[in-house]
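Just below is one structure, and these are the notes that go with it.
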Amino acid sequence: RYTKVIENDNFQFSIFYIKQGQQLPLHDHPDMHGIMKVLFGQIQINSYTALDIKHNERRAPNEKYLVVCKKSSEMVLQADDKPVLLTPYMNNIHEVIAKTDTAFFDCLVPPYKEKCNFYRYKSVLDKENNLFELLCVGSEPEISYCTVKLDYTGKSFKPMQS
């Protein structure tokens, strides 16, 4: 479940709610920067950085292709931890696994202009150096996964006057 708090041409703020044992499957955010901050609960984030710069090139929708990645981090986060940053070139491919019932704040800059891509593990290329081969499976995940949008009912946001 997620709640879109605010979105404009420059950014999108959302809150995701994930029950213990559930996950957001391995995915990316094309050409985006992201900040995640746990509000309550505990999540594990496994992040990967594509080693081939061509990974960021535009492709046909749902085109399948292999990506060589370095596992850049595997961390467990809770509310008292600092936010996590992803960029178009670092930590952009990631999965989020709820260790407990969890909510986290998610900021994307810019907001979605195209769908994210989903991935699955293909092979371990070099365990010692954390090198993996991931298969991009397109904009629909292969595992059973869906998001349910909940309406935001909090304070409204208005543009600041210059």
Side-chain angles (χ1 to χ4, degrees), residues 2 4-5 7 9-18 20-39 41-100 102-147:
Y2 78 101
K4 191 181 297 182
V5 177
E7 178 179 9
D9 292 339
N10 300 311
F11 60 83
Q12 173 183 318
F13 292 164
S14 301
I15 299 173
F16 282 80
Y17 311 91
I18 308 174
Q20 181 176 356
Q22 299 295 308
Q23 73 179 65
L24 300 179
L26 205 53
H27 67 284
D28 66 10
H29 297 279
D31 300 322
M32 301 167 142
H33 288 79
I35 299 171
M36 295 173 61
K37 172 70 175 113
V38 175
L39 301 173
Q42 191 178 67
I43 57 173
Q44 178 176 327
I45 303 173
N46 300 320
S47 298
Y48 298 83
T49 297
L51 298 181
D52 184 353
I53 198 73
K54 291 180 182 176
H55 164 70
N56 288 329
E57 292 178 358
R58 296 275 181 258
R59 298 182 186 269
N62 292 317
E63 178 183 346
K64 293 187 178 187
Y65 57 93
L66 292 171
V67 180
V68 175
C69 297
K70 182 172 182 72
K71 188 171 194 176
S72 40
S73 70
E74 180 177 324
M75 61 181 76
V76 175
L77 298 172
Q78 48 201 27
D80 57 350
D81 289 322
K82 292 181 180 179
V84 172
L85 174 69
L86 63 88
T87 75
Y89 302 101
M90 285 181 30
N91 301 322
N92 196 278
I93 302 171
H94 56 279
E95 63 187 342
V96 179
I97 304 160
K99 297 293 198 181
T100 64
T102 302
F104 67 88
F105 172 79
D106 192 51
C107 173
L108 295 174
V109 178
Y112 281 104
K113 292 185 176 124
E114 60 186 82
K115 290 183 174 183
C116 63
N117 298 300
F118 290 91
Y119 298 82
R120 85 168 125 93
Y121 294 97
K122 184 74 174 166
S123 64
V124 176
L125 298 176
D126 183 340
K127 188 172 185 174
E128 185 176 317
N129 291 305
N130 284 323
L131 297 179
F132 293 81
E133 192 171 49
L134 304 178
L135 176 66
C136 178
V137 296
S139 60
E140 298 297 326
E142 292 184 322
I143 64 171
S144 176
Y145 163 78
C146 71
T147 55

Stepwise, does the side chain to side chain contact (heavy atoms under 4.5 Å, CB included) test hold for Leu24 with Ile18? CA-CA 8 Å; Leu24 300 179; Ile18 308 174; 3.9 Å; yes
For the atom pair [atom1] ([X]) and [atom2] ([Y]), what is the distance rounded to the nearest 0.5 Å?
X      : Y      : atom1 : atom2 : value
Met36  : Cys107 : CE    : SG    : 12.0 Å
Leu108 : Phe11  : CG    : CZ    : 11.5 Å
Gln20  : Thr102 : CD    : OG1   : 8.0 Å
Ile93  : Phe118 : CD1   : CZ    : 12.5 Å
Thr100 : Gln42  : OG1   : CD    : 6.0 Å
Lys71  : Leu134 : NZ    : CG    : 10.5 Å

Is there a side-chain contact between [X] and [Y] in this structure, where contact means two heavy atoms from C-beta onward sitting under 4.5 Å apart?
X      : Y      : answer
Asn92  : Thr49  : no
Asn91  : Leu85  : no
Tyr121 : Leu26  : yes
Lys122 : Leu66  : yes
Leu51  : Leu131 : yes

Partners meeting side-chain contact (heavy atoms from CB on, under 4.5 Å) with [X] (sequence neighbours left out):
X      : result
Met75  : Ile45, Ser73, Leu77, Val84
Ala103 : Ile15, Tyr17, Leu39, Phe40
Gln44  : Asn46, Glu74, Val76, Ile97, Lys99

Does the side chain of Asn117 pick up a donor-acceptor pair with the side chain of Asp28 at under 3.5 Å? yes
With sequence neighbours excluded, tell me which residues meet side-chain hydrogen bond (donor to acceptor under 3.5 Å, both in side chains) with [X].
X      : answer
Tyr112 : His29
Asn129 : Asp126
Thr87  : none

Residues at least two apart in sequence or cross-chain that pass salt bridge (charged side-chain N to carboxylate O under 4.0 Å, His left out) with Glu133, listed by chain then number, are none
Of all the heavy-atom pairs spanning [X] and [Y], show the shortest one and how long it is.
X      : Y      : result
Cys69  : Ala50  : SG-CA, 3.9 Å
Pro111 : Met32  : C-CE, 3.3 Å
Glu95  : Pro25  : CB-C, 4.0 Å
Pro30  : Lys115 : CG-O, 3.8 Å

State which residues pass ring-ring contact (aromatic ring centres under 6.0 Å, His included) with [X]; sequence neighbours excluded, sorted by chain then number.
X      : answer
His33  : none
Phe104 : Phe16
Phe132 : Tyr48

Checking His27 side chain against His94 main chain: does a donor-acceptor pair fall under 3.5 Å? yes
Can a donor-acceptor pair be found, under 3.5 Å and without considering hydrogens, that links the side chain of Ser72 to the backbone of Ser47? yes
